[in-house]
Q: 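My questions all concern the structure below.
Lettering of chains follows the sequences in order, A, B, ..., and the numbering in each one begins at 1.
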Number of protein chains: 2
Amino acid sequence: MFKKETEYALRGMVYIQLQNLKDRRPGVAEIAHEIEAPYFFTAKIFQRLAKQGFVKSMKGKGGGFFIEPEKKDLPLKELIIAIEGEELFIGCGFGLKNCDENNPCPLHHQYGMIRDQINKLVAGETIQSLAQNTLNKTLAFSRETEK
Amino acid sequence: MFKKETEYALRGMVYIQLQNLKDRRPGVAEIAHEIEAPYFFTAKIFQRLAKQGFVKSMKGKGGGFFIEPEKKDLPLKELIIAIEGEELFIGCGFGLKNCDENNPCPLHHQYGMIRDQINKLVAGETIQSLAQNTLNKTLAFSRETEK
DNA sequence: GTATTAAAAGACCTTTTTGTCTTTTAATAA
DNA sequence: TTATTAAAAGACAAAAAGGTCTTTTAATAC
Ligand code: FES
Ligand code: FES
């Protein structure tokens, strides 16, 4: 469904938020380890997210990443679009150049409903809501088992 | 949602089926043109699909591709899995190595419902059903407009 | 037979995605 | 100030996806 980069970003952001709730600021090494992502790739991804304002970072001893608490909740959709664009949310399931209600492809009706649900999911859930759910129900961030 | 290769394959297969219904056997040039896909790439894709038995082909004058009429309807899911694997149909939306009902990720509940719907769509619709729908309602195969 | 047509095979290339590594910058600790 | 820590910047590289082209094989037309 999502690109690897998006998946790492989602997992990482939720992890950062979770740690922030415990008054901690995880660094790249910790994040990468916890979400089971490659260290340098994780570093690059969060560099970009920091530049785009999705997270704040601090250099030096005690440094790391954090999400500004005064910011409003970040919908997954915003993050995903920033990383991989909005094709998934507006594109045609049959691969036509665009989805057109008035000139629908053979999949338009059925695919449209699924796309709507995807939109609803990523617009409704936020990094913060996922972190909160994780706290409440102790959900999984990584798997020990092989793929 | 799908890879380009999958999209071309879906569009091409439905186009072939549509032409077969008119007792025609389109060749690569015609298929590629009609579905707006690159000629050589289309050729390679249908070569593979022919080798895998999803279509039959004939060489030489009057040659081209056709779907054996005696075969039962081909669910989109079979075709898609043959091209890009089943990750989309069983994978974890959060990017964990696998989806595990008993150790769910923060997206499991919500994403699971969407994934189920995707499964239902591609298992229910077939190349033949899409072709028939296209005939009945004159649906779109290509777009004149730019992306 | 030969010419022509069209798919099969496979080499090759480009772009995007994914991942790695080194050097630089900025913060804190001593 | 100097040492240490950790992110920023950016070059580099491997793998996958997407795409192109030439040569070969097999069918039909003559
Ligand atoms: S036209 Fe294809 S999904 Fe709308
Ligand atoms: S565990 Fe993530 S979708 Fe099921």
Q: Just checking B/Phe65: base, sugar-phosphate only, or nothing, at a heavy-atom cut-off of under 4.0 Å?
A: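 Sugar-phosphate: the residue B/Phe65, judged by heavy atoms under 4.0 Å, touches backbone atoms but no base.
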
Q: If you take all heavy atoms of B/Gln128 and B/Lys72, which pair is closest and at what distance?
A: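 Smallest interatomic distance, heavy atoms only, reads NE2-O, 4.4 Å.
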
Q: Closer to the 5' end of DNA chain D via nearest nucleotide, is it A/Lys44 or A/Ala50?
A: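 Looking at DNA chain D, the more 5' nearest nucleotide goes with A/Ala50.
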
Q: What is the separation between atom CE on A/Met58 and atom P on D/dA8, rounded to the nearest whole Å?
A: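 A/Met58 atom CE is separated from D/dA8 atom P by 11 Å.
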
Q: Taking the side chain of A/Val28 as heavy atoms from C-beta outward, which of C/dT20, D/dT20, D/dA7 is closest to it?
A: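 For A/Val28, the side-chain atoms sit closest to D/dA7.
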
Q: Looking only at side-chain N and O atoms, does B/Lys51 come under 4.0 Å of OP1 or OP2 in C/dA7?
A: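 For C/dA7, OP1/OP2 do not have a side-chain N/O of B/Lys51 under 4.0 Å.
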
Q: Can you see which heavy atom on B/Pro26 is nearest to which on B/Gln19, and at what distance?
A: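 Minimum heavy-atom contact is CD-CB, 3.7 Å.
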
Q: Just the rounded figure in Å: distance from P of C/dA6 to CZ of B/Phe66.
A: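 From B/Phe66 CZ to C/dA6 P: 16 Å.
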
Q: Provide the closest heavy-atom pair for B/Cys105 versus B/Phe94 in the form atom of the first, atom of the second, distance.
A: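 Residues B/Cys105 and B/Phe94, closest heavy atoms: SG-CB, 3.5 Å.
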
Q: Verify the contact: side-chain N or O of B/Lys61 to OP1 or OP2 of D/dC30, cut-off strictly under 4.0 Å; return yes or no.
A: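 Looking at the OP1 and OP2 atoms of D/dC30, neither is under 4.0 Å from any side-chain N or O of B/Lys61.
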
Q: Take the protein atom CZ of A/Phe40 and the nucleotide atom C1' of D/dA8, then report the distance between them rounded to whole Å.
A: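 Going from A/Phe40 (CZ) to D/dA8 (C1'), I get 13 Å.
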
Q: Restricting to non-hydrogen atoms, name the atom on A/Ala131 and the atom on A/Gln17 that form the minimum distance, rounded to 0.1 Å.
A: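 Looking at all heavy atoms of both residues, the shortest contact is CB-CG, 3.5 Å.
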
Q: Between A/Tyr39 (OH) and D/dA6 (C1'), how many Å, whole number?
A: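 Going from A/Tyr39 (OH) to D/dA6 (C1'), I get 7 Å.
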
Q: Over how many whole Å does the gap from B/Glu5 atom CD to D/dA16 atom P extend?
A: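 For the pair B/Glu5 CD and D/dA16 P, the rounded distance is 14 Å.
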
Q: Please answer whether the main-chain N or O of B/Ile67 pairs with a side-chain N or O of B/Asn20 as donor and acceptor at a distance below 3.5 Å.
A: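 Yes: the side chain of B/Asn20 pairs with the backbone of B/Ile67.
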
Q: Below the 4.0 Å mark, does D/dA6 have OP1 or OP2 next to a side-chain nitrogen or oxygen of A/Ser57?
A: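 The answer is no; no side-chain N or O of A/Ser57 sits under 4.0 Å from OP1 or OP2.
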
Q: What about A/Lys59: does its side chain form a donor-acceptor pair under 3.5 Å with the base of C/dT25?
A: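 Side chain to base: pair present.
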
Q: Nearest to the side chain of A/Lys4 - C/dG19, D/dG19, C/dT28?
A: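 Taking heavy atoms from C-beta onward, the closest nucleotide is C/dG19.
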
Q: Measure CZ/A/Phe2 against P/C/dT17 and give the value in whole Å, please.
A: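 It works out to 16 Å between those atoms.
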
Q: Indicate whether OP1 or OP2 belonging to C/dG19 is found under 4.0 Å from a side-chain N or O atom of A/Tyr8.
A: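 Looking at the OP1 and OP2 atoms of C/dG19, one of them is under 4.0 Å from a side-chain N or O of A/Tyr8.
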
Q: May I ask you to verify whether the side chain of B/Gln47 and the base of C/dA9 hold a donor-acceptor pair under 3.5 Å?
A: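 Result: at least one qualifying N/O pair found.
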
Q: Starting at atom CD of A/Glu84, determine the distance to atom C1' of C/dT15, rounded to an integer number of angstrom.
A: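 Value for this atom pair: 17 Å.
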
Q: Between C1' on D/dG10 and CZ on A/Arg48, what's the gap in Å once rounded to a whole number?
A: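 The answer, rounded to whole Å, is 12 Å.
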
